[in-house]
Amino acid sequence: MFLCKCPQLTPLQSRFLASLAALATIALIYWSLSDVHFAYAAELAVDGSGQLRDGGDDHNWHRIVDVQLQEDGIVDQDVSHTLHARAVPTQTTAGNNYANADNLQPGDTTVWIFPNDQLTGPHTARGPGLPRDVDEEDEVEAAHPDLRRRDEDTGESDTAELETRQDNTASEIYISVNTCNQPLYAGDGVQSAAPPQLTLYVSTSADNASPAPGQDASTQAEIPLTEGYANYSTSVSGAGYMSVHAPELPSNFTGVWNYEIAVSIDGFYHNIGGNGSNLYLIDSDSTAALLVTNNLTQANPGSKSYNQWMNLTAPYVVFANNQNRTATMGISRSYCGLNQISQVIGKQMDPTGEFTNVQMEMITRGIGGKPKEQFYITYLNRSSNYHATLAQPGNSTASGNGVVGGGGIVWPQMSFTTKTDGNCALLYNLDFCDQVAYAVPSSPDRVDNYATFQNFYDNNALTWFQNFNYSLQQIPCDTDSASQYSLARNCSDCYQAYKQWLCAVSIPRCEDFTSDATYLQIRNVGQPFLNGTMLPDAYLNQNYVPMSNAPTIQGSLAFVQTLISSVATNQSRNPAIDAHIAPGPYKEVLPCEDLCYNLVQSCPAALGFGCPYPGRGLEVGYGTRSGSINGSLTCSYLGAYVPTDAALALNADLLRVVLFAASAAMLIMVGL
Ligand SMILES: *[C@@H]1O[C@H](CO)[C@@H](O)[C@H](O)[C@H]1NC(C)=O
Ligand SMILES: *[C@@H]1O[C@H](CO)[C@@H](O)[C@H](O)[C@H]1NC(C)=O
Ligand SMILES: *[C@@H]1O[C@H](CO)[C@@H](O)[C@H](O)[C@H]1NC(C)=O
Ligand SMILES: *[C@@H]1O[C@H](CO)[C@@H](O)[C@H](O)[C@H]1NC(C)=O
Ligand SMILES: *[C@@H]1O[C@H](CO)[C@@H](O)[C@H](O)[C@H]1NC(C)=O
Ligand SMILES: *[C@@H]1O[C@H](CO)[C@@H](O)[C@H](O)[C@H]1NC(C)=O
Ligand SMILES: *[C@@H]1O[C@H](CO)[C@@H](O)[C@H](O)[C@H]1NC(C)=O
Ligand SMILES: *[C@@H]1O[C@H](CO)[C@@H](O)[C@H](O)[C@H]1NC(C)=O
Ligand SMILES: *[C@@H]1O[C@H](CO)[C@@H](O)[C@H](O)[C@H]1NC(C)=O
Ligand SMILES: *[C@@H]1O[C@H](CO)[C@@H](O)[C@H](O)[C@H]1NC(C)=O
Ligand SMILES: *[C@@H]1O[C@H](CO)[C@@H](O)[C@H](O)[C@H]1NC(C)=O
Ligand SMILES: *[C@@H]1O[C@H](CO)[C@@H](O)[C@H](O)[C@H]1NC(C)=O
């Protein structure tokens with residue numbers, strides 16, 4: 001036992017100390033294994049202000065470089081040849097699949113040598129990779145193959161090739177660079193563009209052992225980094241020569257670059273994913289957002305691949321940044337950069353989000369019921385636009401030095417917006433309405449506990465469902481097909497259709513009252529906002545025409561309603577929400593009309609379901625799917641995600657078949 005008056009450590013501090021101790025041990029072991037010059041380079045670091053920390057005296061630095069050059073047998077290289085008459089530091093990569101970190105001042109170049117012994121050394125075992133997209137026996141094609149293991153890219157097999165190759169035969173090397181930190185804006189006003197990017201030079205000729213700006217272009221390849229990332233692969237015999245060059249800075253930027261370069265004989269260490277962000281917004285509220293990956297597999301429940309995916313905790317992570325944040329401009333394709341300077345960083349070792357603000361879990365919710373990973377991002381600012389990036393740390397189970405692909409994968413970023421008003425809150429992971437995941441009317445004053453909030457909505461739906469379930473038992477469902485009510489549908493279809501419809505209808509999808517989208521239905525205008533103010537009388541008393549195509553029967557009240565007098569606008573679809581939650585005015589994304597048509601078609605006529613007709617309640621009760629409105633959901637259905645570019649809602653025209661007479665029960669739900 002220690003006997004000291006030590007201050008009490010918070011769990012976070014003790015964790016930090018534990019990891020620091022582990023780090024120190026690793027550093028010691030590492031030191032004893034590594035070359036002195038590499039250990040020295042690792043000490044160079046950038047402090048918070050983007051300035052190079054004092055990493056020792058220059059004299060010592062050059063001595064170490066010279067020693068290393070002699071060791072590498074390249075003393076007669078003209079290492080002092082530079083554009084700026086400054087010595088070009090030449091460094092040797094620390095190993096196959098190693099991230100070599102370095103700082104660069106504006107205008108400087110560092111030459112890197114991938115020595116022959118690393119080129120001819122053993123390949124590194126790649127590991128099995130993430131679970132296969134589908135089991136071989138499933139024979140289902142993946143809808144989106146891009147999230148799969150990326151080892152196909154380099155044509156290498158998963159099995160380790162541990163044999164050592166012959167010396168002096170040409171072999172492929174894979175070079176990749178990530179910008180980890182970059183100069184900061186020091187100009188006036190708001191930064192409008194990213195600082196300039198670094199450039200990777202790779203020698204393509206035995207004559208060029210110090211590729212750099214100004215060398216003969218026929219002996220080297222010049223690859224400018226894009227958004228903090230560059231890759232290049234080439235075949236070399238003997239050592240590989242490359243360099244990273246920093247441009248001169250315009251006067252409105254100051255500081256240095258910090259980057260990682262990795263060379264591998266197995267495959268790229270840093271990777272980028274193609275074909276879209278693979279990340280979808282399920283919904284947001286004013287402080288949080290719920291994002292989900294693409295389907296990770298098309299395998300069916302019970303199959304090996306499906307179970308393997310669901311056994312994973314958090315194979316992917318997410319980074320997010322306010323779009324007005326200029327520090328992350330220019331590094332959207334760099335895992336290292338995003339992982340260092342993002343505002344929101346999901347950590348694989350902390351999937352519960354206890355020490356970050358991202359909770360991560362595998363789910364099967366959503367259309368198709370396939371495995372996906374969900375990200376619940378909290379502590380966001382209201383009415384703000386964010387960029388979110390899906391990323392894979394290393395090969396997903398290991399990352400960093402010595403791991404093939406240890407530098408991770410980043411996919412293209414997507415955008416989302418947080419809500420403004422504060423009376424819509426994300427609701428998900430319900431027991432009964434398990435497919436519900438969207439923002440619902442809420443009020444921080446009345447909702448002090450998330451479990452009570454969940455139970456309020458879920459129990460409401462379950463209570464109604466139990467009445468229906470009882471009625472369903474009265475209908476002969478499980479008899480032979482001759483006495484079934486329909487040849488096409490049976491009682492389990494009816495059960496599912498009713499559950500879908502009931503959950504979508506009794507748990508309204510909430511939008512800001514301040515949103516002016518035309519497909520939204522105004523609700524609950526007679527209650528005060530959360531800040532206590534009421535909508536002005538002039539607004540409340542304005543004429544409200546719920547259905548422009550309502551029949552003009554004499555004496556009909558259809559055209560003399562006001563926002564405050566119409567039930568459709570002065571209360572919620574489910575009045576218990578107004579009484580128990582008191583969210584104040586909000587707007588509702590109406591449930592899709594096809595949920596109602598599907599219910600009517602799936603259930604026995606004896607249950608008496610019907611949908612309202614157009615002009616007689618359909619418009620205020622249901623919405624229509626629209627393929628034309630990009631970036632927003634025009635009606636609510638379970639498993640929905642906000643459509644982006646190509647991902648559009650399915651066409652519901654086929655479902656618009658028969659309309660049944662409106663039943664009294666339905667009209668109550670519709671709120672007329
Ligand atoms: C990741 O790399 C480690 C070490 O190389 C390996 O043991 C592991 O199996 C790999 N993981 C996957 C998912 O391939
Ligand atoms: C991207 O998607 C298209 C069409 O779905 C496909 O043809 C292409 O091979 C994909 N590219 C990658 C890199 O996965
Ligand atoms: C920096 O200054 C240059 C002119 O010197 C200007 O063209 C550029 O837009 C400025 N960059 C930013 C990010 O404001
Ligand atoms: C290498 O870079 C190119 C160009 O940026 C990109 O298209 C390609 O996907 C990258 N390769 C890998 C493995 O990330
Ligand atoms: C999933 O995990 C459980 C418990 O860790 C294990 O018994 C099972 O074999 C795993 N399933 C698959 C398909 O990996
Ligand atoms: C996931 O797969 C299902 C089919 O199994 C498909 O209907 C759904 O659109 C897919 N989801 C995404 C996000 O592509
Ligand atoms: C929210 O806004 C505050 C104040 O502008 C800012 O400091 C903070 O970084 C922002 N947080 C996020 C996650 O956007
Ligand atoms: C960025 O947006 C947040 C709100 O999301 C705001 O608080 C902050 O002041 C903005 N920052 C800049 C530089 O505009
Ligand atoms: C109260 O909140 C509403 C909705 O968020 C807003 O439109 C209104 O301006 C606020 N009133 C005051 C006095 O802050
Ligand atoms: C509906 O009734 C059936 C048969 O009694 C029962 O098995 C099922 O659990 C019920 N569903 C719900 C949600 O209560
Ligand atoms: C009802 O029909 C579906 C197909 O529409 C079928 O999968 C299911 O087994 C049937 N259920 C019963 C109880 O017959
Ligand atoms: C509108 O709703 C408010 C609050 O829910 C209620 O007090 C008021 O009586 C309603 N007005 C009308 C005309 O129904």
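All values derive from a computational prediction rather than experimental measurement. Both ligands and their constituent atoms are indexed starting at 1 by order of listing.
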What are the atoms of ligand 5, with element, lying closer than 4.0 Å to any heavy atom of Gln308?
13 (C), 14 (O)
I'd like to check which ligand 7 atoms, numbered from 1 as shown, lie under 4.0 Å from a non-hydrogen atom of Tyr379.
13 (C)
Under 4.0 Å from a heavy atom of Asn311: which atoms of ligand 5 are those, numbered in the order shown and with their elements?
1 (C), 2 (O), 3 (C), 8 (C), 10 (C), 11 (N), 12 (C), 14 (O)
Hydrogens and angles aside, do Asn385 and Thr417 bring a side-chain donor and acceptor to less than 3.5 Å of each other?
yes
What do you reckon, are the aromatic ring centroids of Tyr229 and Tyr335 less than 6.0 Å apart?
no
Shortest non-hydrogen separation from Gly405 to Asn271 and the atoms involved:
CA-ND2, 4.2 Å
Describe, in one word, how the ring planes of Phe453 and Tyr457 are oriented to each other, choosing from parallel (under 30°), tilted (30 to 60°) and perpendicular (over 60°).
perpendicular
So is Lys372 actually on top of Tyr316's ring, under 6.0 Å and inside 45° of the axis?
no
Quick one: do the Ser342 and Asn321 side chains pair a donor with an acceptor below 3.5 Å?
yes
In order of chain and number, which residues sit within 4.0 Å of ligand 8 by heavy atom?
Asn322, Asn324, Asn381, Ser384
Does a donor on one side chain sit under 3.5 Å from an acceptor on the other, for Tyr259 and Ser334?
no
